[in-house]
Amino acid sequence: MTGAIRFGIVAESARDGPAWADHARAAEDAGVGSLLLRDHFSAGAFGQQLAPFSALATAAAVTTRLRVGTLVLSNDFRHPAILAHEAASLHHLSGGRFELGLGAGWYQPEYDAAGISFDRAGQRIDRLEESLIILRGLLDGKRVQHHGEWYHIDGLELDVMPEHHGRPPVLIGAGGPRMLRLAAAHADIVGLLPAFDDKIAVLRSAAGDRFSQLELSALATFTLTTRRRPSTEGLIAQRGWEGIGVEAVWQMPTIYIGSPAQIHEDLQARRERFGLSYLITSDRDLPTLGAVIAAR
């Protein structure tokens, strides 16, 4: 797995222009590596959301180091040729700071309300796989010929784009075996869902020699406290975890609780055990994450 541990935040609310720009600058000043947006036009999924490409372009324009990305785009909302142009443009305009997160889509009420066909999971994943083949080809600067079940591309290349900063890294969130195999073949960053040991085993087997090149990511929670045990007991009660003791929570790959020094010790332990090197949390926890980063 590549690189040192880095951190990202995913935006949980829609802000106006000046407030959004300030938020991006605050994330960069705190040492956060990336600012990410989901891809929903219905508030039923995660509340009000900004459209990702325009919002991320704004964030990139007011920062210099902060990476911007999607967690994740729904493949069914955009044709891969159009998505490739958008992704290449944002990667170019940001100076190579865009991360393209892509998934098969999951929130059926949004599909239904917009009149978009919500096909069975296998069909959505089939489309995603075809889309990834097209996207990788176009973003690698190739002339793409593709005649599949879902997409037909006849000699297209992104010849409208100037020289840019290579291909944006592709992130795929993966839970089930098929999505893990898809990520093993096409992703640069794999967003893992629990349980980690089983999923990493599938990913390692499917990726083969590529496994060492993959960056493993997960959504995490961070709690700063000087009273680690009582705070952990409170978290167990809050989440309704029955039959789980504090020591078990302290071994969870995505729960970090304690002093900054304790959290950094746990981060290294998770890095060594699971290969996790890219942790993402809610932007509501930016002050906590900033304190963790500052203590490194």
For the residue pair [X] and [Y], what are the closest heavy atoms and their distance?
X	Y	answer
L66	A27	CD1-CB, 4.3 Å
I125	A104	CG1-CB, 4.1 Å
P253	F196	CG-CD1, 3.4 Å

Please check: side-chain N/O of [X] versus main-chain N/O of [Y], any donor-acceptor pairing under 3.5 Å?
X	Y	result
S231	R227	yes
Y107	G44	yes
E12	D283	no
R127	N75	no
S205	V202	no
R210	A187	yes
T288	T223	no

Is a donor from one side chain sitting under 3.5 angstrom from an acceptor on the other, for [X] and [Y]?
X	Y	result
Y278	E99	yes
S74	D39	no
R97	T63	yes

Once you measure the plane-to-plane angle for H92 and H165, does it fall in the parallel (<30°), tilted (30-60°) or perpendicular (>60°) bin?
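The rings of H92 and H165 sit tilted, inter-plane angle from 30° to 60°.
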
Classify the ring geometry between H147 and H152 as parallel (under 30°), tilted (30 to 60°) or perpendicular (over 60°).
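If you compare the ring of H147 with that of H152, the planes turn out tilted.
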
Walk me through it: do W250 and T232 pass the test side chain to side chain donor-acceptor pair (under 3.5 Å)?
CA-CA 8 Å; W250 294 341; T232 307; 2.9 Å; yes

Charged N to carboxylate O under 4.0 angstrom, [X] versus [Y]?
X	Y	result
R167	D140	yes
D266	R271	no
D159	R143	no

Other residues, nucleotides, ligands: >12 heavy atoms within 6.0 Å of Q48 CD:
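It does not: Q48 CD has 12 such atoms or fewer within range.
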
May I ask you to test the [X]-[Y] pair for a side-chain heavy-atom distance under 4.5 Å?
X	Y	answer
F7	L267	yes
R78	L73	yes
H146	I133	yes

Step-by-step salt bridge (Lys or Arg N to Asp or Glu O under 4.0 Å) determination, R15 to D22:
CA-CA 10 Å; R15 294 171 168 84; D22 288 345; over 6 Å; no

Between R120 and D126, does the salt bridge (Lys or Arg N to Asp or Glu O under 4.0 Å) criterion hold? Intermediate values first, please.
CA-CA 10 Å; R120 60 180 177 82; D126 286 344; 5.3 Å; no

Flag the pair [X] / [Y] as yes when their ring centroid distance falls below 6.0 Å, and as no otherwise.
X	Y	answer
F41	F77	yes
H40	F46	yes
W150	H79	no

Please test E247 against R229 for salt bridge (Lys or Arg N to Asp or Glu O under 4.0 Å), starting from the C-alpha separation and ending with a verdict.
CA-CA 9 Å; E247 288 81 5; R229 183 173 291 274; 3.1 Å; yes

Stepwise salt bridge (Lys or Arg N to Asp or Glu O under 4.0 Å) check, R228 with E233:
CA-CA 9 Å; R228 191 183 190 209; E233 291 170 345; over 6 Å; no

Out of T254, I257, D285, I263, which one pairs with F222 under the side-chain contact (heavy atoms from CB on, under 4.5 Å) rule?
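The passing option is I263.
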
